[in-house]
Every structure is written in structure tokens, then in C-alpha cells.
Amino acid sequence: MRKPCCDKNGTNKGAWSKQEDQKLIDYIRKHGEGNWRFIPKAAGLLRCGKSCRLRWINYLRPDLKRGNFGEDEEDLIFKLHHLLGNRWSLIAGRLPGRTDNEVKNYWNSHLKKKLISKGIDPNKHRVARRQRTSIVHAHQPSTLPDLNLTLGTSNGAAAAQGSIEADHPSPTLRLFI
DNA sequence: AAAAGGTCCAACCGCGGCGAG
DNA sequence: ACTCGCCGCGGTTGGACCTTT
């Protein structure tokens, strides 16, 4: 049995209050992100580090774009999911201001149903989880690689080809499906 | 008007990878 | 080479809100 990520005694759970949000925002504005395990204590929050990280990334970050997804975003999610499967963080990385959680929720509540209504199995291009890291680590947030997509969907068939190339010093990544 | 069912989204959970020691 | 702790990820859940009957 794995140890819990933090001491669950004396930590709050559930919805965040405005005061908690403000404490976290103030702390990160002053000191920046990083060391999530230490942040709750330093910011005076009775939360576990993971909870703080999630709250910041999914809700409090100033560059977040709230509201409905546009048609272009929806289209891009379709294409990227076809290429990458359930790699929500990678998909979200191509959508400025969107989080992996937001993309995942939108997929599960809207896009999945659209695919099913068109007779397309939304899971058939799923990529095994164990293949994840080789791709994630070639993808540095500040140096997003160019992504080229060619996608044939005229009859709903799974004809897709894509490539991701990173022309920075880290190893070049190419992904063909 | 109210109960039942459905939808959506914020938040939690547990796992796997990675780096430090 | 191995262990341990942290971080980030995808899957899942709980409950608030909305729609239908």
C-alpha cells in the first residue's frame, strides 16, 4: 500500500473557499509555482499540495480561457485525440488557455457523444498508458513543437496521419499513427 | 410545483515516471 | 543498482444545476 501523498488529518477537502483561493493566488504571485508539497504550509492553507496544484492549474491561473469551446477548438481536439488518444495534457498543450481537466470533461460530456451519434467508436484510437512518457518528455511547455496533421475523415474511417517535430536540442520526436 | 433523471464540472484518487540520495 | 519522495497524469466521483415528466 502506497503512503498517502500528505497527512489527511487536519487538511480540508472539497470545494475551495474564496479566502483559500486568494491565499494561494497571493502566495504564487509572490513566490511562483513549484514545490507543491511546501506551498500549502507556506501559504497558510490547510490543503494538500496536490489539491493546491490542481486548483491553481485548473482554475486560478491567470492565463486560463473560461467559457465554451469554439468550433476550431473542438475540431482540433477531435484531430488531436485521433492522433494521441486520451493524452489530455498533450491535447490541452495545443489549446492555449485550456487545461487537461477541461478538455477531458468536454470530451466526455460533449465530443464523445458526437462521435457515437456519428457511429464512430471514440475509444478505438486510444493509446496505451505505458507509452505516455516518451512523448511527454520530448514536449517542453515553453518550446512547444510544431504539429502537422493530415486527417482523412470523409467517411468516418480511421485514416489519420500526423507528426510532431521538435527542432530544439532535445531528441526529435516523430509520431506516426 | 415537485420529484426524478440527466448533465456537467470541480475535485479527489491512485498509479507511473523521474530525479536525488 | 536500488529506494524513496515528489510531481504530473488519466480515471473516477460527488454534488450542484438543469431538464423532463
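No hydrogens, no waters, no symmetry mates; every other heavy atom, side chains included, goes into these values. Lettering of chains follows the sequences in order, A, B, ..., and the numbering in each one begins at 1. Since we're looking at a predicted model, the values are computed, not measured.
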Please report, rounded to the nearest Å, how far the [atom2] atom of [N] is from the [atom1] atom of [X].
| X | N | atom1 | atom2 | result |
| --- | --- | --- | --- | --- |
| L54(A) | dG8(C) | CG | P | 11 Å |
| D100(A) | dG10(C) | CG | P | 6 Å |
| K50(A) | dC12(B) | NZ | P | 11 Å |
| H81(A) | dG10(C) | NE2 | P | 10 Å |
| I91(A) | dC9(C) | CD1 | C1' | 13 Å |
| F38(A) | dG5(C) | CZ | C1' | 17 Å |
| L84(A) | dC9(C) | CG | P | 14 Å |
| W36(A) | dG8(C) | CH2 | C1' | 12 Å |

N/O (side chain, [X]) to phosphate O (OP1/OP2, [N]) under 4.0 Å:
| X | N | answer |
| --- | --- | --- |
| N35(A) | dC6(C) | no |
| R47(A) | dA11(B) | no |
| R87(A) | dG10(C) | no |
| W107(A) | dG10(C) | no |

Open item on the list: Considering only residues two or more places apart or on different chains, which pairs with a residue in residues 26-35 of chain A satisfy salt bridge (charged side-chain N to carboxylate O under 4.0 Å, His left out)?
Closed with: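 Of all non-adjacent pairs touching residues 26-35 of chain A, none passes salt bridge (charged side-chain N to carboxylate O under 4.0 Å, His left out).
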
- [ ] Give the nucleotide from the list dC6(C), dC12(B), dT12(C) with an atom nearest to the side chain of K104(A).
- [x]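 Per side-chain heavy atoms of K104(A), the pick is dT12(C).
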
Open item on the list: Quick check for you: among dC9(C), dC6(C), dC12(B), whose closest atom lies nearest to any side-chain atom of S89(A)?
Closed with: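 Comparing dC9(C), dC6(C), dC12(B) against the side chain of S89(A), the answer is dC9(C).
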
Open item on the list: Does the structure place the NZ or CZ of R98(A) under 6.0 Å from the centre of the six-membered ring of W88(A), at an angle of no more than 45° from the ring's axis?
Closed with: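 Pair R98(A)/W88(A) does not count as cation-pi.
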
Open item on the list: Less than 4.0 angstrom from a charged side-chain N to a carboxylate O is my criterion; do E73(A) and R94(A) meet it?
Closed with: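 Between R94(A) and E73(A) there is no salt bridge, as every charged N stays at least 4.0 Å from the carboxylate O atoms.
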
Open item on the list: Tell me whether the side-chain N or O atoms of K13(A) pair up with the base of dG14(C) as donor and acceptor below 3.5 Å, since no angle test is needed here.
Closed with: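 There is none.
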
Open item on the list: Does N68(A) have more than 12 heavy atoms from other residues, nucleotides or ligands lying within 6.0 Å of its CG?
Closed with: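 Check fails, neighbour count at 12 or below.
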
Task: Crowding at NZ, K65(A) (>12 non-hydrogen neighbours, <6.0 Å) - done: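 Atom NZ in K65(A) is crowded, with more than 12 foreign heavy atoms closer than 6.0 Å.
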
Heteroatom pairs (N/O) under 3.5 angstrom, protein to nucleotides 4-10 of chain B:
from    : atom 1 : to      : atom 2 : distance (Å)
dC8(B)  : OP1    : H110(A) : NE2    : 3.3
dC8(B)  : OP2    : S109(A) : O      : 3.0
dC8(B)  : OP2    : K113(A) : NZ     : 3.2
dA10(B) : OP1    : R66(A)  : NH2    : 3.1
dA10(B) : N7     : N105(A) : ND2    : 3.1
dA10(B) : N6     : N105(A) : OD1    : 3.4

Task: Side chains of E20(A) and N12(A), donor plus acceptor under 3.5 Å - done: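 Indeed, the side chains of E20(A) and N12(A) share at least one donor-acceptor pair under 3.5 Å.
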
- [ ] Quick one: list whatever passes salt bridge (charged side-chain N to carboxylate O under 4.0 Å, His left out) with D63(A), sequence neighbours left out.
- [x]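 D63(A): salt bridge (charged side-chain N to carboxylate O under 4.0 Å, His left out) contacts with R61(A).
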
